[in-house]
There are 2 protein chains.
Amino acid sequence: MPKATFFNLPEAKRARVIDAALDEFAANSYHKARVTAIAEKAGIAMGSFYQYFTDKKDLFKYIVDLTVNKKLEYINHDMMANKEKYGFFQLLREIYLSGIRFAQENPRLVAIGNALLTDKELQQEIWGEYQDTSSAFFQQLLEVGLANGELDPQMDSALVAKFLTSLTYSLTDSIYKDGEIDLADLESEMVTIDKMLYFIENGIKKRD
Amino acid sequence: MPKATFFNLPEAKRARVIDAALDEFAANSYHKARVTAIAEKAGIAMGSFYQYFTDKKDLFKYIVDLTVNKKLEYINHDMMANKEKYGFFQLLREIYLSGIRFAQENPRLVAIGNALLTDKELQQEIWGEYQDTSSAFFQQLLEVGLANGELDPQMDSALVAKFLTSLTYSLTDSIYKDGEIDLADLESEMVTIDKMLYFIENGIKKRD
DNA sequence: TATGAATATGAATACACATTCATATTTCTT
DNA sequence: AAGAAATATGAATGTGTATTCATATTCATA
């Protein structure tokens with residue numbers, strides 16, 4: 001958590017620091033990102049940086065926090081509050097669509113989030129334990145679907161939750177070309193999402 | 001590729017270097033692994049290391065090569081040569097089972113492989129482009145299954161291949177607890193594999 | 001056994017940044 | 001306005017380890 005000094009800063013200056021950090025962390029992995037560059041871009045002295053943050057990790061955690069919170073703003077709150085009213089696959093679709101909306105408007109946050117998601121070691125370094133929040137979230141969703149009788153009751157929900165987490169990364173990968181989402185082609189992104197939902201729903205065995 | 005000097009080395013000494021490298025890279029991520037430690041464990045001078053390898057990356061690539069080749073030895077060659085004779089899911093199952101056999105006998109290689117698999121940035125650093133061999137392999141397998149009429153013909157095989165790749169990482173994750181496979185519990189590992197195959201085959205929708 | 005080529009050695013070098021620190025400047029308090 | 005508290009500054013320090021290099025030793029060959 002940044003120091004009080006940082007939050008006492010005039011709005012504009014604080015924004016400059018955050019903006020510089022987003023630029024640097026979006027363009028470079030955590031380890032390659034340089035405090036020097038952030039300070040320079042933000043127009044503050046090196047010493048000031050350590051007036052605001054205990055260290056580089058402190059800033060990075062803060063940025064990750066901002067990212068997570070921002071992302072949460074994008075999922076339809078009504079849907080999540082009333083899970084039972086909507087079908088499981090409808091909810092899942094909404095989650096992925098919200099991911100696209102988020103990506104369209106926050107490319108830098110997506111880049112930072114992806115880098116974190118695809119580096120387990122970094123996750124451990126940032127949050128002590130490697131806690132699979134995402135997997136827990138999907139499991140909860142699955143439980144609701146099971147209760148509704150929509151889903152195959154013989155499934156191992158904990159395991160399937162891991163699969164869904166993993167597939168979600170994969171989807172991300174298919175949709176973002178080097179951290180950039182193709183804004184022009186929303187249509188094709190939705191098609192990809194629907195193909196994935198179909199895969200999750202039906203598997204790949206031929207049926208007649 | 002290591003220098004000629006390395007391959008001219010007496011068998012035993014070369015083996016010592018490889019062994020030291022496996023120890024170090026299995027215990028530490030690529031970046032944290034220290035050339036110093038490898039030289040020391042192998043009982044060679046620092047200078048000698050650079051007589052054998054152009055740099056740390058050179059050695060690491062070589063170790064990854066060894067790993068890949070070793071792993072290939074474990075998959076049933078007969079099955080892969082006659083893909084058509086076996087069903088798609090049978091082949092897939094064989095692939096995963098071979099992964100377990102490999103892991104049982106090569107824990108250090110598994111650790112190194114996993115670290116590489118869960119760090120996309122490292123992959124790019126090691127192989128210039130991020131070329132998804134694994135995905136190409138699955139796609140080829142899918143094509144055969146499609147030709148056989150076993151698989152849903154409306155699938156997008158390139159996309160599904162990515163999904164399978166991703167699920168494979170996930171399976172790895174579920175089976176190896178911090179790089180260690182529980183040798184005592186082969187039974188439960190096979191169950192996990194079968195649950196995953198079921199998921200891939202049928203999806204999660206309830207059927208009657 | 002002499003001579004050049006190949007190999008071995010480990011101390012010295014280089015480097016890239018994060019972090020600290022002593023000092024200067026600004027802001028707040030009364 | 002004076003003194004105290006908070007904030008700003010950027011040069012100097014520290015760290016860790018990869019890589020180089022000048023020199024010594026061993027090996028191959030004639």
Side-chain angles (χ1 to χ4, degrees), chain A residues 1-64 112 115 121-122 125-126, chain B residues 1-64 112 115 121-122 125-126:
Chain A
M1 196 43 41
K3 300 178 181 175
T5 319
F6 179 66
F7 294 109
N8 293 339
L9 243 39
E11 188 77 22
K13 190 171 189 176
R14 189 169 54 224
R16 246 170 40 231
V17 172
I18 292 175
D19 192 63
L22 291 181
D23 268 357
E24 183 69 6
F25 285 126
N28 308 92
S29 68
Y30 171 71
H31 290 289
K32 287 192 185 153
R34 287 155 309 130
V35 172
T36 320
I38 293 171
E40 189 174 1
K41 280 186 205 174
I44 62 172
M46 282 306 290
S48 299
F49 182 93
Y50 290 88
Q51 218 73 334
Y52 307 149
F53 309 100
T54 56
D55 53 21
K56 179 165 121 174
K57 190 186 291 184
D58 186 33
L59 166 59
F60 188 69
K61 278 185 186 168
Y62 177 64
I63 293 294
V64 169
I112 294 170
E121 181 163 318
L122 182 59
E125 196 169 334
I126 294 304
Chain B
M1 194 44 45
K3 300 178 181 176
T5 320
F6 178 66
F7 294 109
N8 293 339
L9 244 36
E11 188 77 23
K13 189 171 191 177
R14 191 170 52 227
R16 248 172 35 233
V17 173
I18 292 176
D19 192 64
L22 290 181
D23 269 357
E24 183 70 6
F25 285 126
N28 309 91
S29 68
Y30 170 71
H31 290 288
K32 285 192 184 151
R34 286 155 307 129
V35 172
T36 320
I38 294 171
E40 189 174 2
K41 280 187 204 175
I44 62 171
M46 282 306 289
S48 300
F49 182 92
Y50 289 89
Q51 219 71 338
Y52 307 149
F53 310 99
T54 57
D55 54 21
K56 178 165 124 175
K57 190 187 290 185
D58 185 33
L59 166 59
F60 188 70
K61 278 185 186 169
Y62 177 63
I63 293 293
V64 169
I112 294 170
E121 178 161 323
L122 182 57
E125 196 166 330
I126 295 305

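Below, each value reflects all heavy atoms present in this structure, side chains not excepted, and no hydrogens, waters or symmetry copies. A, B, ... follow the sequence lines: proteins, then strands. Residue 1 opens every chain.
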- Item | Residue pairs passing the side chain to side chain donor-acceptor pair (under 3.5 Å) test where at least one lies in residues 25-38 of chain B, sequence neighbours excluded |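 Listed by first then second residue: E121(A)-S29(B).
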Quick one: salt bridge (charged side-chain N to carboxylate O under 4.0 Å, His left out) partners of [X], sequence neighbours excluded?
X      : value
K41(B) : E24(B)
D55(B) : none
R16(B) : none

- Partners of K57(A) by side-chain hydrogen bond (donor to acceptor under 3.5 Å, both in side chains), sequence neighbours excluded?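 Checked K57(A) against side-chain hydrogen bond (donor to acceptor under 3.5 Å, both in side chains); zero matches.
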- Tell me, please, which residues at least two apart from N8(A) pass side-chain hydrogen bond (donor to acceptor under 3.5 Å, both in side chains).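 With sequence neighbours excluded, N8(A) shows a side-chain hydrogen bond (donor to acceptor under 3.5 Å, both in side chains) to no residue whatsoever.
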- Flag the pair E125(B) / F60(B) as yes when at least one side-chain heavy-atom distance between them is below 4.5 Å, and no otherwise.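 No, their side chains stay 4.5 Å or more apart.
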- Item | Side chains of L59(B) and F25(B) in contact at under 4.5 Å (non-hydrogen atoms) |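 The answer is yes; the side chains approach within 4.5 Å.
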- For the pair K56(A) (side chain) and A33(A) (backbone), establish whether a donor and an acceptor sit closer than 3.5 Å, ignoring hydrogens and angles.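 Pair found, side chain donor or acceptor close to backbone of A33(A).
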- Residues touching DNA chain C, which here means a heavy atom under 4.0 Å, drawn from residues 2-24 of chain A: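 None, since no heavy atom is under 4.0 Å.
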- Message: Can you pull out the residues from residues 27-55 of chain A that lie within a 4.0 Å heavy-atom distance of DNA chain C?
- Response: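 Within residues 27-55 of chain A, the residues near DNA chain C are A33(A), R34(A), V35(A), T36(A), M46(A), Y50(A), D55(A).
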- Query: First and last nucleotide of DNA chain D touching chain A, 5' to 3', heavy-atom cut-off 4.0 Å?
  - Reply: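 Contact span on the strand: dT7(D) to dG10(D).
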- Only counting residues at least two apart or in another chain, list the ones meeting ring pair (Phe, Tyr, Trp, His ring centres under 6.0 Å) with F53(A).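 Applying ring pair (Phe, Tyr, Trp, His ring centres under 6.0 Å) to F53(A) gives F6(A), F49(A).
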- Task: Identify all stems in which DNA chain D takes part, counting only runs of at least 3 consecutive pairs (Watson-Crick or G-U wobble, each distance under 3.5 Å), and give each as one range with another, ordered by first number.
- Result: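 So far as stems of 3 or more pairs are concerned, DNA chain D shows C:1-30 with D:1-30.
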- Qualifying residues under side chain to side chain contact (heavy atoms under 4.5 Å, CB included), relative to A115(A), sequence neighbours excluded: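 For A115(A) there are no side chain to side chain contact (heavy atoms under 4.5 Å, CB included) partners, ignoring immediate neighbours.
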- Message: Give me the atom names and distance for the closest heavy-atom approach of I63(B) to A21(B).
- Response: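 So the two residues come closest at CD1-CB, 4.0 Å.
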